[in-house]
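What follows is a short report on a single structure.
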2 protein chains.
Amino acid sequence: MTFSKINDTIHLNQQNRGDILSKNLKLKSARAAKDMSQKNVADAVGVTRQTINAIENGDYNPSINLCIAICKVLGKTLNDIFWEDDTSD
Amino acid sequence: MTFSKINDTIHLNQQNRGDILSKNLKLKSARAAKDMSQKNVADAVGVTRQTINAIENGDYNPSINLCIAICKVLGKTLNDIFWEDDTSD
DNA sequence: ATAATAAGTAAAATATATTTGACATTTAGT
DNA sequence: ACTAAATGTCAAATATATTTTACTTATTAT
């Protein structure tokens, strides 16, 4: 049994930061729903506002623990904010 | 027929240990359900087997893109494998 | 007993997430 | 006009995820 590599996008994304990654609009709207600024969320989860800004703008990919912390602050789950539902493409 | 060494009682408590090293047993079982080795998953998502091993054993936290890739390989979602459902903050 | 695969672990090197500090733009409010 | 808060972005420094190489143990099968 062989397994094909489906994760080429990771290294591609890491090399072309800001080019290919799309914005996380779910995060932006979830934050807006809580009426929190980027700095508010950043302080709540213990990172800088630049980090939250970069995540929203798709400049790099956060760690799973940071994603979980953000979700909890915003009252959402990982699937709500970070799961890409692009089943059709 | 050989007998394996049963050397610890830790396994009995793995599910509900709140310690530093909380293993990701959901990942382990999802991988077992697909009959894939750590190296199989590693190759499929484009990382080394040490990375998969470290994630399963809770040694460090992967990036969200790697988590998504792992989930897709195993036919699971982020919530299935990486969302911790302990509502006690 | 030997070989082969899977798994656990570790030290050093590399890649990249995150911080720090700074500057610019927009928006809303006096 | 000014002020402040929120956002966007950038370069350099730091922290840490990930790789590479290697050694070890466990398991299964020959």
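Each chain gets a letter, A, B and so on, in the order its sequence line appears, and its residues count up from 1.
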- Message: Measure CG/A:D35 against P/C:dA28 and give the value in whole Å, please.
- Response: 14 Å

- What is the distance from CD1 of B:I55 to P of C:dT9, rounded to the nearest Å? 15 Å

- Item | B:K39 side chain reached by B:I52 side chain, heavy atoms, under 4.5 Å | no

- Task: Nearest whole angstrom, please: distance from the P of D:dA17 to the CG of A:L66.
- Result: 12 Å

- Message: So A:C67 and A:I81, do their side chains get closer than 4.5 Å, heavy atoms only?
- Response: no

- Message: Using modelled atom types and a 3.5 Å cut-off, is there a donor and acceptor pairing between side-chain atoms of B:N79 and backbone atoms of A:N79?
- Response: yes

- State the CH2-NZ distance between B:W83 and B:K26, to the nearest 0.5 angstrom. 10.0 Å

- Integer-rounded Å distance: D:dT18 C1' and B:I52 CD1: 11 Å

- Check whether any side-chain N or O of B:D80 sits under 3.5 Å from a backbone N or O of B:T77 as a donor-acceptor pair, and report yes or no. yes

- Task: May I ask you to decide if B:V47's main-chain N or O and B:T51's side chain share a donor-acceptor pair within less than 3.5 Å?
- Result: no

- B:R49 side chain to B:Q38 main-chain N or O, any donor-acceptor pair under 3.5 Å? no

- Message: Just the rounded figure in Å: distance from C1' of C:dG8 to OH of B:Y60.
- Response: 13 Å

- Query: Which letter, B, S or -, goes with each nucleotide of nucleotides 3-12 of chain D from 5' to 3', with contact meaning a protein heavy atom under 4.0 Å?
  - Reply: ---SBBBB--

- Query: Going by number, which of residues 41-48 of chain A have a non-hydrogen atom under 4.0 Å from DNA chain C?
  - Reply: A:G46, A:V47, A:T48

- Message: Is it the case that the side chains of A:N61 and B:S63 hold a donor-acceptor pair, with the cut-off being a distance below 3.5 Å and no angle test?
- Response: no

- Message: Does C:dT16 have OP1 or OP2 under 4.0 Å away from a side-chain N or O of B:S63?
- Response: no

